[in-house]
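Below you will find the structure I want to go over with you.
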Amino acid sequence: MATVSFRNVNKVYPDGFHAVHDLNLEVKEGEFLVLVGPSGCGKSTTLRMLAGLEEISSGEIAIEDRVVNAIEPGDRDIAMVFQNYALYPHMSVRENLAFGLKMRRTPKQEIAERTAEVASTLGIESLLDRRPRELSGGQRQRVALGRAIVRQPKVFLFDEPLSNLDAKLRVQMRAEIASLHHRLKTTMVYVTHDQVEAMTLGERIVIMNHGRIQQAAAPLELYRRPANRFVAGFIGSPPMNFLRGTLKDSMFQSEGMSIQLANVSNEALSHEGNVWLGFRAEDLVLNSDGPSLPEVELEVVEQMGHESIGYFTLLGERHSIRLPATSEVNPGSRIVPRLRPAGWHLFADDEEGCRFARENETAQV
Amino acid sequence: MVSEPKRITFLRHAVLLLFVAISVYPALNVLSISLRPGDQLKTTDLSIIPDNWTFDSYIALFTEQPFLRWLANSLLVSFAVTVTGVALAAMGGYALSRFRFVGRQALMLSILTTQMFPATMLLLPLYILVAKLNLMNTFLGLLVFYVSTALPFCVWQMKGFYDTISPSLEEAARVDGCSRMVAFRRVILPLAAPGLVITALFSFMTAWSEYIVAAQVLQDRDMFTLPLGVKSFQASMSTQWGLYAAAAILVSVPVVIVFIVLSKYLVSGMTVGAVKE
Amino acid sequence: MLDATRELPANLYRRKPAWRLLAIIGLLITLSGCSKQDDRHVIQLWHQMVVNERLFLNELVTEYEKQHPEIDVRLVFKDTEELRSSFQAAALAGVGPAIVYGPSDVLGAYHTMGIIADMTPWLDENARAKFKPGGLTYLPAKDGPQRDDSQNRDLVQVSDRFGNHLALVYNRKFVETPPQTVEELIEIGRRNTLDEDGNGRNERYGLVWNYEEPYFAVPFITGSGGWLFANEENTEPDLDTPQMVAALQLIDDLQRVHGIVPRGCDYETADSLFKSGNAAMIINGDWSWGDYLALERIDAAIAPLPIVTETGQPMGPMISPKGYSLNKNATPAQRDAAMQLITYLTSESSQRRALHSLRILPSRTALYDDPLLTQDPTLKASREQFEQGHLMPSGSEMRAVWDAMRPPYQAVLGGAISAKDAAAAMQANAEQAISLLQRDDQEIGGSWLWAALASATTLGLLFWQRRGLATLLPDMRRQPLAYLLVGPAIVLIFLTVVFPFFYNLLLSFSNMSLTHFQDWGFAGSQNYIDVLGDGQFYAVLLKTIIWTIVNVVFHVGIGILLAVALNGPIRGKAIYRVLLILPWAVPAYITALTWRSMFHLEYGAVNLLGNQLFGIPPVNWLGEATNAFIACIIANVWLGFPFMMVIALGGLQGIPQDMYEAARIDRASRWQQFRHITLPLLKPVLAPAATLGAIWTFNNLNVVWLVSNGGAPSNKTHILVSYVYKEVFNLYRYGYGAALSMIVFVILLAFCLVFLHRAKATENVYG
Ligand SMILES: Nc1ncnc2c1ncn2[C@@H]1O[C@H](COP(=O)(O)OP(=O)(O)OP(=O)(O)O)[C@@H](O)[C@H]1O
Ligand SMILES: [Mg+2]
């Protein structure tokens, strides 16, 4: 178990591409930290710098107060699970599991014991003498996981370990990884681009975009109080709805439509220029007395069983609304969606798109 | 492996048999010459075993000619070239495949450029070089030239093979506690076995069949390599065809043996299932 | 068994590295320590003697070494042409054997190049008088102080025999008395040209000989009353004569009108036919008679060539003294020792022994009293023929004349041109070749200008790349491993290439040629102008490109086809694999020759099989330019496909099986699977091989040379390298050759840049 800290870490690839900008991050002891963000945002780069597979251009990374910038991956006491498994094809499953221990000159007896133990926890005892090519995708992933576990490292690193599995298997493995963390209580850094994975696994989630941290917080915090428009749009399914307009005395106006908001902070009110109004599908309701949106026509209704999601177009943009399963609406129905109080967010219409907190917001949670 | 439709299996055999016939027949002709008495290159009939066939040429090779000596020389040189060539190409190709260093592209191209010069024009300067470096009549001189002839291809070929091996394998190994070199040796090299085989085969063949440079470097009949020895049976308008052909047949035997030994690794198919793309 | 195979590779690399290092060091020691060292005085002697002569020489030398224990004579056999080019190269490098042995026709060139020494100081008047005329070869002194010697000439060769003369060899089973006249020759020939089983192919021919080589035409020319040169010094060619036309006509008639000579009769065909009793008579030189006489199957005898009735002249062949010359690079001590050896080897007693054991004609007058010369029928005939012979000119012009004669001569035999046109073409060619040979391009000033230009370009390039250079050192510090790994290979690759490359670059701007062999100097861009201004260059270039493309396409295509066929669940894979690499395993220098015989018009397997199996009429593969070129391509495709097959086989191993499974689920047809999975994934492995394959094929001299026998017919099958080779080694145009190879280099470089760029072959599939 160990802490990990990134201090002003930058990565500039030899071709001049600046993949990670001034990254500062502390991973607490035993924490399950998830790095998430769209493809190409620098998650893998960050993780690989931590693993020692990629050089650090500037700044430093420390594992348990030891700066590891110049330390070989093998000496960092980490283990990593790769997206493509990266099992050694010329070795049997047993040899794959034992390889890292052998490299560390662990006694034979101990290697055998630990391999057997890990195999039994992962349920791969019967596969020990097979070669990777004789395994199914899920089995390969288990072996890859086992190869990391057997080493009992200080930090586990995962780079999209589940993205090659089918949906069902993914859910199953996700649960297994979660229980693994629960049992081992080892620090884990997990990279994914799948926000569901991030939300379900992470104790803390770091959202990255364009090589910068957008927000690092617990899953619910991210959901409820996204730091900026990017985070707000990234987290949550369906994604948050946005309307662009101006703010006049707590009144949001956009192309002839106006919505009265309550508890708008002064900061927001004093903001010059356009703002974005964001609200999630579940923040729209049909029968209540919040500020209303114009009447719209439902175009699509997705039935989920316990609820359904309706889609409509407003000001040329697609928006979503969460409807109770009991509501009798069909495509073509005309509805008047209303905003729940405090069910909205305001963002500055600039590059950063920072969120303006509502008045009294801290009181919630 | 899944069994295939009969039609496909038949097609495979048909193609292979056709080409086996094409590749074997001219080679059998050489055998035929070697069995013919009286140093005749050509005949008027098509039979492979001549009516009055004889092993005289083969016997003469071993009894009257220093054939075994040549064989030993050739084996020594070829083995040395193979070991050196494979070792250097395995390392060089790895660097070219995995590292992005300054001038890498230019280097790869310039390795190719060394092959672009008509070899016949290089003989004159080569002779001067060998003389000036005091490598006349040494196997070391031969070794240097053969290795440098074989290396461009070998380096490129190895690079090509490493390129097909996912880098995450060695990354996994490094995380598992290997240094770069150990990861290379224990994980990547075994997986590049087909490439190593091709490189070895090629280096071996370069040294095994070369005679133009050898003729410049080696001046002692006792130091001749096999091709030089074999070529000494040939002279314009007075070739000893029997010996020439018999020797050529014997020269190809070690190649076939080397190939049989190596081809296990050539078709081992180990990278399969290594990674999921 | 399968599992065992899988186990092995992983273990292979588990040996102790120290063990391997030791083995390598041991090997290196063995390699470098292998040359024999003792303190005896070494005399190297290069010769081109045929086997039995070699053995005899060995005997003589062994005895000599016994008498002179301080001397160690090293005999090295090299084939005639190789001997010549090696000796020239060695002499230029300042080394080489003390003594070279060979016929006299190369002496002119050696002497002009200044690589052989005058031997007069070692042979006094008295000693010289003991040789027959022609037994000692003199050439006009090249330079140096005028000697008191009235004739001012250099002694360049001391011979030990006369030889190389052609005569008629006949099989007494078919011919009782040899023909005295050409009419009788034709008559006997006709009687012996038989198709006994009536299958349209003759089982026996009346007469055979190396029909394609002008040297063998000489007796016909002299018999018609002609000769090759107009003046006594044999420097002015005289080929466009009525006698030449008559001779060509006669030769052509023997085949076309009288039908007694088979078509496509090169040396080996003639030799084989006579040896197997399928020919009644053969015209061949003294080097071959021993073999014929020794063969039991035929009852061979030698007779002088017949008389041409119209002129009454005997068909007189060329005769060449063969003997020893002294390397100019030999030290004075070596010269003394070498001359002592030469004196011994050409002494009366040595020659008498040679006469008795080899039955060759001696060069000393005294030996012509030997009774054996009248008793032995072979020697008797040989001597008779010798007396009708003509001494082979030793000037460098001789070579130019052979070269000039060959294409029109072969064209006449192929029926492409008339004898009259051929004679005219020969003369024109010869004049041109001699003027090229003797061209005396003067060194020009301004080399400093070019040197400055070259340095400026280099500096400019360095300046242009200064960024890269500046980052080199930091990068080396950053990832030293990369440089350490690639370093040794790079050093070795360039070690042997850098010097030759720049040497050639220099040569290409020089006037190095026969006349300026050692004292060559800067001649500007003349060579490049010559190459690029020559219309033939473009034709040959085009042919080379076709040659390369066709070959590589077939190599790679067949290679992939076979690899894919092998890479499936079938029986007998291992056996197929081994049999399919045979074309690679059997040395090309012999298989190329078997291909040549397989393409023979009448007896070649290609035509016979084509005819018997498919009823295709025989194709004149080697006698017709396009066909000969196709024949070369076929032979080379055969030689090259196994290599590509092996590479493709290796490449296929890296393709995961589940990709095919996925593709099958997507309903991809086999062709689509191949097109979209196999090919793209083979690329990283095949692209380097194909690129290099193209380069090698472009520069592949051997196959074209061997299959087409040096560009036959009529120099129509050349690709650029064989064209360079011919110019350089026949006409000594080193500067020209160097320029041509620089151009080849640039062409290939451009090709690679474009190809690699488009194929992105240097790039990794993993980015
Ligand atoms: N070797 C390299 N040279 C130059 N740029 C690179 C290199 N490797 C990655 N990049 C760039 O750096 C950026 C971040 O890459 P990274 O692999 O960290 O993305 P990621 O967040 O893991 O994305 P994904 O979810 O697709 O895996 C990308 O824009 C990528 O193009
Ligand atoms: Mg990634």
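Proteins get letters first, then strands, A, B, ... in listed order; numbering begins at 1 in each. All values below were derived from every heavy atom in this structure, side-chain atoms included, with hydrogens, water molecules and symmetry-related copies excluded.
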When only pairs under 4.5 Å are counted, which of C:V721, C:V564, C:V51 shares the most heavy-atom pairs with chain B? C:V51
So, the part of B:A247 with a heavy atom under 4.5 Å from chain C: the answer is neither
Where on B:A245 is there a heavy atom nearer than 4.5 Å to chain C: the side chain, the backbone, both, or neither?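 Both backbone and side chain.
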For C:I490 and B:I111: C-alpha separation, side-chain torsions, deciding distance, then whether side-chain contact (heavy atoms from CB on, under 4.5 Å) applies. CA-CA 8 Å; C:I490 297 305; B:I111 290 175; 3.8 Å; yes
State, with a plain yes or no, whether a side-chain heavy atom of C:Y576 is found less than 4.5 Å away from one of B:H13.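 SC-SC contact between C:Y576 and B:H13 confirmed.
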Roughly how far apart are C:T594 OG1 and B:L31 CG, rounded to 0.5 Å? 11.5 Å
Contacting region of C:F698 [heavy-atom separation from chain B under 4.5 Å]: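 Answer is neither: C:F698 stays 4.5 Å or more from chain B.
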With respect to chain C, which residue among B:L151, B:T149, B:L11, B:V130 yields the maximal number of heavy-atom pairs within a distance under 4.5 Å? B:L151
Within the 4.5 Å heavy-atom criterion, are B:F117 and C:V497 side-chain neighbours or not? no
Heavy-atom proximity to chain B below 4.5 Å, by part of C:V578: both
Tell me which of these, B:N73, B:V197, B:V147, B:L201, has more heavy-atom pairs under 4.5 Å with chain C than the rest. B:L201
Using a cut-off of under 4.5 Å on heavy-atom pairs, state which of C:L580, C:V76, C:L561 scores highest against chain B. C:L580
Does any backbone or side-chain atom of B:W208 lie under 4.5 Å from a heavy atom of chain C? Answer side chain, backbone, both or neither.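 It is neither, since no heavy atom gets under 4.5 Å.
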C:E268 portion near chain B, given a 4.5 angstrom heavy-atom threshold: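 Answer is both: backbone and side chain atoms of C:E268 are under 4.5 Å from chain B.
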Quick check: closest heavy atoms across B:F99 and C:A482, and the distance to 0.1 Å? CG-CB, 3.4 Å
Any heavy-atom pair between the side chains of C:C752 and B:L112 that's under 4.5 Å? yes
Pick one of side chain, backbone, both or neither for C:S288, based on which atoms fall under 4.5 Å of a heavy atom in chain B. neither
As an exercise, state the distance from CG of C:L481 to CZ of B:F101, rounded to the nearest 0.5 Å. 10.5 Å
For C:Y589 and B:V230, run side-chain contact (heavy atoms from CB on, under 4.5 Å): C-alpha distance rounded to whole Å, both residues' side-chain angles, the deciding distance at 0.1 Å, then the answer. CA-CA 10 Å; C:Y589 43 79; B:V230 176; 3.8 Å; yes
Of all the heavy-atom pairs spanning B:Q157 and C:A689, show the shortest one and how long it is.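 Taking B:Q157 first and C:A689 second, the nearest heavy atoms are OE1-CB, 3.8 Å.
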Roughly how far, to the nearest 0.5 Å, is the CZ atom of C:R571 from the CZ atom of B:R12?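 Between atom CZ of B:R12 and atom CZ of C:R571 there are 15.0 Å.
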Interface moiety of B:P254 toward chain C, non-hydrogen atoms closer than 4.5 Å: neither
Sort B:V155 into side chain, backbone, both or neither according to what part of it lies under 4.5 angstrom from a heavy atom of chain C. side chain
Check whether any side-chain heavy atom of C:F643 sits under 4.5 Å from a side-chain heavy atom of B:M205, and report yes or no.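 Result no, sub-4.5 Å side-chain heavy-atom pair not found.
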For C:L692 and B:F153, the nearest pair of non-hydrogen atoms, with its separation, is CD1-CA, 3.4 Å
With a 4.5 Å cut-off on side-chain heavy atoms, are C:M476 and B:V102 touching? no
To the closest 0.5 Å, what do you measure between CD1 (C:I590) and CD1 (B:I33)? 5.5 Å
One option among C:L562, C:V95, C:N210 has the most heavy-atom pairs under 4.5 Å with chain B, and it is C:L562
Measuring heavy-atom distances to chain B, does C:F745 have an atom under 4.5 Å in its side chain, in its backbone, in both, or in neither?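 Both the backbone and the side chain of C:F745 come within 4.5 Å of chain B.
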Go through the atoms of C:F641 and report whether side chain, backbone, both or neither lie under 4.5 Å from a heavy atom of chain B. side chain
Is C:I558 in contact with chain B via its backbone, its side chain, both, or neither, using a 4.5 Å heavy-atom distance?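 Just its side chain gets close to chain B.
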Heavy-atom proximity to chain C below 4.5 Å, by part of B:L142: neither
Considering only heavy atoms, which portion of C:E82 lies under 4.5 Å from any heavy atom of chain B: side chain, backbone, both, or neither?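 Interface part for C:E82: side chain.
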Do you know which of C:F77, C:Y725, C:Y734 has the most heavy-atom pairs with chain B at a distance under 4.5 angstrom?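 Greatest number of close heavy-atom pairs with chain B: C:F77.
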Checking B:K231 now: which residues fulfil salt bridge (charged side-chain N to carboxylate O under 4.0 Å, His left out) with it, not counting sequence neighbours? none
Heavy-atom contact with chain C under 4.5 Å, split by part of B:S209: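 Only the backbone of B:S209 comes within 4.5 Å of chain C.
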Could you go through B:L16 and C:I570, starting from their C-alpha distance and side-chain angles, then the distance that decides it, and tell me whether this counts as side-chain contact (heavy atoms from CB on, under 4.5 Å)? CA-CA 11 Å; B:L16 290 171; C:I570 53 161; 3.4 Å; yes
Check: C:L582 and B:V256 side chains under 4.5 Å, non-hydrogen atoms: yes
Of the backbone (N, CA, C, O) and the side chain (C-beta and beyond), which part of C:I493 lies under 4.5 Å from a heavy atom of chain B, both, or neither?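 Both parts, backbone and side chain.
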State, to 0.1 Å, how close C:T496 and B:S148 come at their nearest heavy-atom pair, and which atoms those are. OG1-OG, 2.6 Å
From OG (C:S272) to CZ (B:R36), nearest 0.5 Å: 7.0 Å
Can you tell which part of C:I647 gets under 4.5 Å to a heavy atom of chain B, answering side chain, backbone, both or neither?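 Looking at C:I647, backbone and side chain both touch chain B.
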Is the shortest side-chain heavy-atom distance between C:P583 and B:S23 below 4.5 Å?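 Touching, per the 4.5 Å side-chain cut-off.
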May I have the step-by-step check of side-chain contact (heavy atoms from CB on, under 4.5 Å) for C:F499 and B:I128, ending in yes or no? CA-CA 10 Å; C:F499 171 74; B:I128 297 174; 4.1 Å; yes
Nearest 0.5 Å, what's the OG-CG distance between B:S97 and C:L485?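 So the gap between those two atoms works out to 11.5 Å.
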Please classify the contact of B:S110 with chain C as side chain, backbone, both or neither, using a heavy-atom distance under 4.5 Å.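 Backbone plus side chain of B:S110, per the 4.5 Å heavy-atom cut-off to chain C.
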C:L484 atom CG: more than 12 heavy-atom contacts under 6.0 Å: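 Result for CG/C:L484: enclosed.
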Under the 3.5 angstrom rule, does the side chain of C:W595 hit a backbone N or O of B:P26 as a donor-acceptor pair?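 Not a single qualifying donor-acceptor pair exists.
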Pick whichever of C:L495, C:L649, C:L295 has the most heavy-atom pairs under 4.5 Å with chain B.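 So the answer, after comparing C:L495, C:L649, C:L295, is C:L649.
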Most chain C-contacting option - heavy-atom pairs closer than 4.5 Å, from B:T9, B:L129, B:L218: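 Most heavy-atom pairs under 4.5 Å with chain C: B:L129.
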Under 3.5 Å, side chain of B:Q240 to main-chain N/O of C:V50, donor-acceptor pair present?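 The answer is no, because no donor-acceptor pair under 3.5 Å joins these two groups.
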Note, C:W584 side chain near B:V255 side chain (heavy atom, < 4.5 Å):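 Result no, sub-4.5 Å side-chain heavy-atom pair not found.
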If I compare all heavy atoms of B:A27 with all of C:V586, which pair ends up nearest, and what's the gap? CB-CG2, 4.1 Å
For C:Q44, which atoms come within 4.5 Å of any heavy atom of chain B: side chain, backbone, both, or neither? side chain
Residue, of C:T80, C:I581, C:D271, that accumulates the most heavy atom pairs under 4.5 Å with chain B: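 Top count of heavy-atom pairs under 4.5 Å with chain B: C:I581.
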For residues C:A93 and B:A131, report the shortest heavy-atom separation together with the two atoms involved. CB-CB, 4.3 Å
Region of C:L492 in contact with chain B, defined by heavy-atom distances below 4.5 Å: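 Contact with chain B is through both the backbone and side chain of C:L492.
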